[in-house]
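Atoms considered below: every heavy atom in the structure, side chains included; atoms not considered: hydrogens, waters and symmetry mates. Quick caveat, the model's predicted, so the values are computed rather than measured.
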Amino acid sequence: RQRKMSDTESTGSAAGAGAPEEEVTDLSSDMVVTQYRLAGQIVDDALAQVVAAVVDGADVATLCQLGDDAILGACANVFKSRRVEKE
């Protein structure tokens, strides 16, 4: 769909009327809080996997890769789009 001038500009006297809504990205948005909470759970799970793999003589690079893979895998499953559903 092509944007028309009427899609983004208002001819009325009210300031901002017809302007696209700005996305709320602070903690006043339930969606943002949900995303932070879910990200925290993902990190907690990844850290638990890394801690479980720590043994005497373990390679630090391998442990880092394990954590990275756990985080990336969980994020790929959860954040398929910008929208996150509340649990």
query: Do D45 and Q49 have side-chain N/O donor and acceptor atoms under 3.5 Å apart?
result: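 Side-chain D/A pair, D45 to Q49: absent.
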- prompt: Any idea which heavy atoms bring V32 and D26 closest together, and the distance?
  reply: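 Nearest pair, atom of V32 first, then D26: CB-O, 3.5 Å.
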Given side chains that start at C-beta, do those of V60 and C64 come closer than 4.5 Å, heavy atoms only?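 In short, these two side chains touch, coming nearer than 4.5 Å.
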Point to revise | Minimum heavy-atom distance between G67 and A46, given as atom pair plus value | key: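 The answer is O-CB, 4.1 Å.
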| query | With side chains defined as the heavy atoms from C-beta onward, is the minimum distance between L38 and Q41 less than 4.5 Å? | reply |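 Sidechains of Q41 and L38: in contact.
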Nearest-0.5 Å distance, OG1 of residue T25 to CE of residue M31: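 Answer rounded to 0.5 Å: 12.5 Å.
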**OP:** Please examine the side chains of V54 and L63, heavy atoms only from C-beta on, and report whether any two atoms are closer than 4.5 Å.
**Re:**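 They are in side-chain contact.
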Exercise for the section: Say whether, by atom type as modelled, one donor and one acceptor occur between the side chain of T34 and the main chain of D30 under 3.5 angstrom. Expected result: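 A pair under 3.5 Å: yes.
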For this session: In sequence, state the C-alpha distance, the side-chain angles, and the governing distance for S29 and V33, and then conclude on side-chain contact (heavy atoms from CB on, under 4.5 Å).
Result: CA-CA 7 Å; S29 167; V33 172; over 6 Å; no
* What's the shortest heavy-atom distance between V50 and L66, and which atoms? ->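 That would be CA-CD2, 4.0 Å.
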